[in-house]
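No hydrogens, no waters, no symmetry mates; every other heavy atom, side chains included, goes into these values.
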Amino acid sequence: MEKILHDARKGGYAVGAFNIVNDLTARAAVQAAEELEQNIILQTSVKTVKAFGITAMMAFLKPLAVHASVDVAIHLDHSTDVAFTKACLDAGWSSVMYDGSKLSLAENITNTRELGEYAHKMGATIEGELGAIVGVEDDIFVMEGAGAHAKPADCRVFLEKTGVDAFAPAVGTAHGVYKGEINIDYDLFDEINSFSPCPLVLHGGTGLTDEMFYRLIDLGAAKVNISTAIKIAYCQGMKQYLLDHPDQNDPLKLDAFVAAQVKAVVSRHIRFFSQMDRDRAPFEVDLHCHSTRSDGGDTPKELIINAAKRGVKVVAITDHDVLPPDKIEINGIMIDPVAFAAQKGVTFIPGIEFSCETEVEDVHIVVLGCDFSDPRILAMNQKIVHSKIDSYRKLTEVLTEKGYPISWEEVLNYDEIPRKPEDVQKKLIFNLMAEKGYTKTWSEAKLLCRNNPEYSVKREKPAAAEIIRLAHQTGGIAILAHPYLIDERIVLQQGEMTRADFIDGLIEAGLDGIEAAYTYDKTTYNGDLTKAQIIEQVRHNYADRVAIISGGSDYHADYKKTDKKVRQIGEAGISLTYFKTNPLLSRLER
C-alpha cells in the first residue's frame, strides 16, 4: 500500500480500492487491473471478512495478490474493533483502516496510534479517518444531515500523533447511493492535502461524476474507495442473466456473466483514477508559460495544478518582464511555489521573459535560474517597469484618438483583476481591442499596432545582449524565445540584417539556448514553415552552437477567453530525459 499510494501521490493520479465480496469479484477486479497495467487495492469490509472467516478469506486473496502482474494491496476497510484489526494483520492483510470517527479525537488518536505501531512492526500500513461520512458502511451508519466535515486543526493533531500512512478526511462525500445534491468541500480537501505528510483517501466514491473525481484527484486524492458500484454490478448482473436466460441452470455461465459486469465497472473506474483517458501533454517539460502576474489567465497556483493535470513534470513560469513569485497563497497561507509544485509531482522553475530590442519586434529572452533578488535584476526590473507604464498608457491614448476608445482604467482592471500599473502587459490592450469588436482577435490587434506607424508606440527596451549578460552575472541561463516570430529581414537605424545574422550576434554575446518547439500556429507567426519544419531547422542550424535546444507552449490559459487557437501546457516543450541530462537545465532543479 505504501508504495502504491506514494507513486500515485507523486504522479498526480489515484488508485482504486474496490470492496470485493468473494473470490469472483476479487478475480474480476485483479484481471481488470492487469489488462490496464494499473495497480489496485482489494478492499474487504469487516462484514465480508467475518462471513468468510479471516483465514479462509486470506487463503484466496493472497495468491491473487502474489501472482498478479501488477501491485495488489489487501486492505481491511472501516474496522472499529482493535482486536479484530490485529487479527487481520496477523493473518496477512497488508493494510488496515481503523475507523474511530465516532469516538472523541483523543480516543481515535489512541486507538489509531496503537494499531499503527502494531501494523508497522509487521511491515503493514494503516489508514485513519476524521469526520463523519454520511451513509452506511458495514454496521457504521451516519444519518443524512449528521455528517461532520473534518476540521483542519484536528487533522493536524491527528496526523502528527498517529503517524498514519493514509488519511481519509470527511469532506462531503457519502457511502452508498447519493440521494440528494452532492456538496463536496474542495477547498477543505485541498487545505488538508497541503499539510498532510501522507496520501489522502476519498471515501464514498460511487456516484461521483468524472469531473468530481478529476478535481479531487487533482487536489490530492491518491486512493478512492468504491464499494456500492461493485455490489450493484454483482447483484444486478446476476438478476440480468437470470432474466435473459430463465431456463439456464449452468452456474459457471452465470458466474462468467457476473464477473464480466464487475470487471467492466472496475475497469471504468481504474481508467478514471489513473487518468489514462485525460488529455495528456506531449511534452513533460514546458519552459515558457504565463500567469496572471503578467498577461496569463491562470494564477501561479492554477498554472501548477493544470500542469499536473496534463502530466507535465517540469514547468517554468516566465511572465513578461515581471519578477517570478517567491510565495503563493494556498488556503490563506503563503508558501514556496517550489514546495507546492512538488506536492503535485511538478518541478517549478521561476523565470522571466524579457522583452528586448527597441527597434526589433518579438525579441524575447527567457531567463531561468537567476538569483532574482540580486540588485542588478531588481534595477533592470524597475527600469523596464517605468518604460512600460509610459508607453502602454500612451498607446491607449493614441488608440482612443484614432477611434478605438480604450481607457487606462479598463486596462488596469482587465478581466476584473485589479492591477498595479507596473503589472500591465501590452497583450491586455490587444485583448480589449478584440473584446470591444475593433478587431477579430488579439493577434489581429497586435499586428494592427505593429504594422501601422500611426498606432505604433515603441518603448525603450534593453538590448538582448545586455539581458544575456545579466542572466550570467546573476547565476542564470538565457534562451531566445520563438525565434521565428522575429522578421526574416530586420530594419535597423544602421541598416538591414537577416534574422540569422541577428541570432548569430546573440550567440556571440553568450546566448545559452534557442526555443525550437513552440506553438507558432497559435500566435502571430506569418511564415510558411510548419512547427515541425521550424524545429528541424533550429536543431540543424544551432544544435552545435548553443548548449540548449529548448521548447515551450507560451501558455496563457487561453481557454478562459476563447475556444480558438487555445495553447495548452506542454503542447510544446522538451522531453524530461533531455531536461535531466542537459548540464545547464538539470542544475535548475532544487
Side-chain angles (χ1 to χ4, degrees), residues 289-303 317-329 332 334 352-356 358 361-362 364 378-462 523-524 554-567:
C289 294
H290 299 280
S291 76
T292 50
R293 291 175 64 83
S294 61
D295 56 351
D298 279 351
T299 64
K301 172 187 173 181
E302 290 173 325
L303 198 154
I317 294 183
T318 55
D319 283 311
H320 295 285
D321 304 309
V322 175
L323 295 172
D326 59 354
K327 291 285 188 294
I328 58 176
E329 183 178 342
M334 303 305 292
I352 301 177
E353 183 179 5
F354 283 99
S355 300
C356 303
T358 303
E361 292 289 343
D362 286 316
H364 293 181
L378 300 178
M380 176 59 71
N381 177 251
Q382 284 302 304
K383 182 178 178 181
I384 290 171
V385 162
H386 293 307
S387 172
K388 284 168 57 178
I389 294 173
D390 292 342
S391 64
Y392 295 165
R393 190 196 297 269
K394 185 175 180 181
L395 176 59
T396 61
E397 295 170 356
V398 169
L399 288 170
T400 299
E401 289 174 5
K402 298 298 181 181
Y404 304 123
I406 291 176
S407 72
W408 185 239
E409 284 302 313
E410 287 178 295
V411 178
L412 290 177
N413 293 283
Y414 175 74
D415 205 23
E416 298 182 354
I417 299 175
R419 290 175 174 81
K420 298 177 182 177
E422 57 264 32
D423 294 333
V424 169
Q425 301 299 321
K426 204 172 187 179
K427 187 170 181 284
L428 302 183
I429 300 174
F430 300 148
N431 286 345
L432 277 167
M433 291 177 68
E435 290 171 17
K436 285 172 171 282
Y438 305 151
T439 59
K440 292 181 179 179
T441 63
W442 71 267
S443 55
E444 186 179 309
K446 175 181 177 179
L447 292 174
L448 173 68
C449 294
R450 172 179 172 176
N451 298 331
N452 190 326
E454 291 185 9
Y455 307 133
S456 179
V457 178
K458 294 186 179 295
R459 69 178 176 89
E460 193 69 29
K461 301 176 187 175
T523 54
T524 53
D554 204 359
Y555 173 77
H556 280 77
D558 307 303
Y559 71 94
K560 292 185 175 181
K561 289 295 178 184
T562 178
D563 59 358
K564 298 176 182 178
K565 293 188 175 182
V566 172
R567 290 172 286 196

Exercise for the section: Output all residues satisfying side-chain hydrogen bond (donor to acceptor under 3.5 Å, both in side chains) with N381, sequence neighbours left out; order by chain, then residue number. Expected result: none

Exercise for the section: Check side chain to side chain contact (heavy atoms under 4.5 Å, CB included) between K440 and all other residues, then give those that pass, not counting sequence neighbours. Expected result: E444

Exercise for the section: List in chain and number order the residues that pass side chain to side chain contact (heavy atoms under 4.5 Å, CB included) with E460, two or more places apart in sequence or in another chain; answer none if no residue qualifies. Expected result: T358, S387

Handout entry: Set of salt bridge (Lys or Arg N to Asp or Glu O under 4.0 Å) partners for R293, sequence neighbours left out
Key = none

Practice task
With side chain to side chain contact (heavy atoms under 4.5 Å, CB included) as the test, would you mind laying out the steps for F354 and M380 before giving the verdict?
Solution key: CA-CA 10 Å; F354 283 99; M380 176 59 71; 4.0 Å; yes

Under 3.5 Å, which donor-acceptor pairs do the side chains of residues 429-439 form with other protein atoms, sequence neighbours left out?
from: E435; atom 1: OE2; to: Y414; atom 2: OH; distance (Å): 2.4
from: K436; atom 1: NZ; to: E410; atom 2: OE2; distance (Å): 2.8
from: Y438; atom 1: OH; to: P405; atom 2: O; distance (Å): 2.9
from: T439; atom 1: OG1; to: T441; atom 2: O; distance (Å): 3.0

Practice task
Just jot down the salt bridge (Lys or Arg N to Asp or Glu O under 4.0 Å) partners of D390, sequence neighbours excluded, or say none.
Solution key: none

Handout entry: With sequence neighbours excluded, residues passing side-chain hydrogen bond (donor to acceptor under 3.5 Å, both in side chains) with D295
Key = H556

Practice task
May I ask you to check whether over 12 heavy atoms, not counting those of K560, lie within 6.0 Å of atom NZ?
Solution key: yes

Completion exercise
Residue set satisfying side chain to side chain contact (heavy atoms under 4.5 Å, CB included) with E409, at least two apart, ordered chain then number -> S407, L412, N413

Exercise for the section: Apply side chain to side chain contact (heavy atoms under 4.5 Å, CB included) to the pair H290 and T318, showing each step before the final yes or no. Expected result: CA-CA 6 Å; H290 299 280; T318 55; 4.2 Å; yes

Handout entry: side chain to side chain contact (heavy atoms under 4.5 Å, CB included) between K565 and T523, worked out
Key = CA-CA 8 Å; K565 293 188 175 182; T523 54; over 6 Å; no

Fill in the blank from the handout: Sorted by chain and number, sequence neighbours left out, salt bridge (Lys or Arg N to Asp or Glu O under 4.0 Å) with K301 holds for D190

Practice task
List for me each residue that meets salt bridge (Lys or Arg N to Asp or Glu O under 4.0 Å) alongside D319, sequence neighbours excluded, and say none if there are none.
Solution key: none

